[in-house]
Chemist: 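Sharing a structure here in structure tokens format.
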Amino acid sequence: MKNGNGNGKKVLAVGKEAKLMLGRTPENITAVRPMMDGVIADFEIAEAMLGYFVRKAHGRRRLVRPRTIIGVPSGITQVEKRAVLESAGSAGAREVHFIEEPMAAAIGAGLPISEPRAA
């Protein structure tokens, strides 16, 4: 959810919190999806969302610039990678590494990723 009150965009809620706010907000607050099909659709909001996640993960420690790993679609272009890299850097990430989403899913499912077979 973002607040578009004329002085820029501000993220008010992300994820489930934003979904719970749908239909219960004034007209100047709108729900947006900064990522569509694995591509950044709104750079300002994507950057604000990444900053929100960094702050949420590190609490009140403002000087922390974490190393991040971001899942990207396997067919992402270099231009799209650069856009994600710039947004993450602007959001406060010190280092940004990419992992393709199918690889992240395999790791999450506990599959042996160092072997050429799945089971």
Side-chain angles (χ1 to χ4, degrees):
M1 299 296 273
K2 71 174 184 173
N3 184 357
N5 58 6
N7 62 357
K9 299 175 182 178
K10 179 181 176 187
V11 175
L12 301 175
V14 176
K16 287 182 182 179
E17 295 172 13
K19 195 169 186 176
L20 290 173
M21 291 174 67
L22 285 175
R24 299 184 178 125
T25 58
E27 288 182 17
N28 66 330
I29 298 175
T30 58
V32 294
R33 295 185 70 182
M35 303 285 292
M36 295 284 236
D37 299 323
V39 180
I40 296 177
D42 186 331
F43 289 98
E44 289 180 45
I45 296 297
E47 183 178 313
M49 183 180 70
L50 289 170
Y52 171 87
F53 289 138
V54 168
R55 285 189 305 278
K56 187 172 180 178
H58 287 283
R60 299 185 187 275
R61 295 178 285 173
R62 296 251 184 229
L63 298 176
V64 174
R65 292 185 48 91
R67 287 176 273 174
T68 59
I69 298 175
I70 298 178
V72 295
S74 57
I76 192 169
T77 66
Q78 289 294 35
V79 173
E80 293 166 340
K81 273 188 180 181
R82 195 172 318 118
V84 172
L85 182 69
E86 288 176 14
S87 290
S90 296
R94 172 177 42 150
E95 289 179 35
V96 180
H97 300 276
F98 297 112
I99 184 169
E100 291 184 350
E101 289 172 345
M103 180 65 76
I107 293 169
L111 296 174
I113 61 167
S114 60
E115 298 176 19
R117 56 190 177 92

Chemist: As an exercise, state the distance from CD1 of Ile70 to CD1 of Ile76, rounded to the nearest 0.5 Å.
Modeler: 9.5 Å
Chemist: Is there a path of hydrophobic side-chain contacts, each under 4.5 Å between heavy atoms of I, L, V, M, F, W or Y residues, that connects Leu111 with Ile69?
Modeler: no
Chemist: Side-chain donor-acceptor pairs under 3.5 Å in residues 81-91, sequence neighbours left out?
Modeler:
unit_1 : atom_1 : unit_2 : atom_2 : d
Ser87  : OG     : Ala83  : O      : 3.2
Ser90  : OG     : Glu86  : O      : 3.0

Chemist: Ignoring hydrogens and geometry, is there a side-chain-to-backbone donor-acceptor pair from Thr68 to Glu95 under 3.5 Å?
Modeler: yes
Chemist: Can you hop from Val14 to Leu50 via hydrophobic side chains spaced under 4.5 Å?
Modeler: no
Chemist: Checking side chain to side chain contact (heavy atoms under 4.5 Å, CB included) for the pair Ile99/Ile107: CA distance, chi angles, key distance, verdict?
Modeler: CA-CA 11 Å; Ile99 184 169; Ile107 293 169; 3.9 Å; yes
Chemist: Assess whether atom CZ of Arg33 is packed by more than 12 heavy atoms of other residues, nucleotides or ligands within 6.0 Å.
Modeler: no
Chemist: Is Phe43 reachable from Val96 through a run of hydrophobic residues whose side-chain heavy atoms are each under 4.5 Å from the next?
Modeler: yes
Chemist: Are Met49 and Leu20 connected into the same hydrophobic cluster when the rule is that any two of I, L, V, M, F, W, Y join if their side-chain heavy atoms are below 4.5 Å apart?
Modeler: no
Chemist: List the residues meeting side-chain contact (heavy atoms from CB on, under 4.5 Å) with Ser74, not counting sequence neighbours, and say none if there are none.
Modeler: Glu100, Pro102
